[in-house]
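Data block below; observations after.
Here the structure is a predicted model, which is why all the values come from computation and not from measurement. In what follows, chains carry the letters A, B, and so on, assigned in the order in which the sequence lines appear, proteins first and then strands, with residues in each chain numbered from 1. For the numbers below, each heavy atom of this structure counts, side chains included, while hydrogens, waters and symmetry mates do not.
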Amino acid sequence: AQSVSQHNHHVILSEAASLELGCNYSYGGTVNLFWYVQYPGQHLQLLLKYFSGDPLVKGIKGFEAEFIKSKFSFNLRKPSVQWSDTAEYFCAVILKAAGNKLTFGGGTRVLVKP
Amino acid sequence: DVKVTQSSRYLVKRTGEKVFLECVQDMDHENMFWYRQDPGLGLRLIYFSYDVKMKEKGDIPEGYSVSREKKERFSLILESASTNQTSMYLCASREQNEKLFFGSGTQLSVL
């Protein structure tokens, strides 16, 4: 069965620190990859997505992610976080061969200290 | 902008009750999904549907069923609610190769 792993459940860092959240998926084949964010009390929002082309994807709010096919990874990065980046972040994967099933990772809670 | 509406924000039910969670989207999307969100487990797919009257099991379908009689509406049914079904339930819809649009969620408590 397909699975998506996010290595860190909780991350605490100070403003202006750099952030990197890991995401690995467990299968080969063509994939579509997503990062979603959920701010406290709000809906899930799409940060960025990768379907094809340049493996370095830029999203909203200064986030980017890099797809490394050989490592089955899609790590999320932001060079300098702000207090407002406090949220839960979810990686999600669609395996094209499995149709439209979107599988989420377990999430990473990020707390940015002011 | 796409709107995905879940009929209830909070629900409290008793063990053994039949529970209906309703979801409506207004963008004529073919694909609709039901997830539950639990701390530390992320979002887990219960069922999804890629067309009217079509449904597919997700990762945790046990104890749930779904109904999609009209394209815009996708219902999640708990035939006999149990305490381990206490969770936040999220409905979503999407068109092919597009992002997922989520509803605001239904926090279900089963006592």
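Heavy-atom pairs under 4.5 Å with chain B were tallied for A:Q6, A:Q42, A:H43, A:E88; the largest tally goes to A:H43.
Proximity to chain A (any heavy atom under 4.5 Å) is restricted, for B:Q37, to the side chain, taken from C-beta onward. Looking at B:L43, the atoms closer than 4.5 Å to chain A (heavy atoms on both sides) sit in the backbone and in the side chain alike. For A:L46, the part sitting under 4.5 Å from any heavy atom of chain B is the side chain, from C-beta outward, and nothing else. Only the side chain of B:L90 comes within less than 4.5 Å of a heavy atom of chain A; its backbone N, CA, C and O stay farther away. For A:Q45, no part lies near chain B; criterion is any non-hydrogen pair under 4.5 Å.
Residues of residues 103-111 of chain B placed with any heavy atom under 4.5 Å of a heavy atom in chain A are listed by number as B:G103, B:S104.
Between A:S3 and A:S26, the side chains place a donor N or O and an acceptor N or O closer than 3.5 Å (distance only, hydrogens not considered). No side-chain donor-acceptor contact under 3.5 Å links A:Y89 and A:R109.
Ring-centre distance between A:Y36 and B:F102: below the 6.0 Å cut-off. The aromatic ring centres of B:Y50 and B:F33 sit 6.0 Å or more apart.
By the ring-ring contact (aromatic ring centres under 6.0 Å, His included) test, B:Y47 pairs with no residue at all, sequence neighbours left out.
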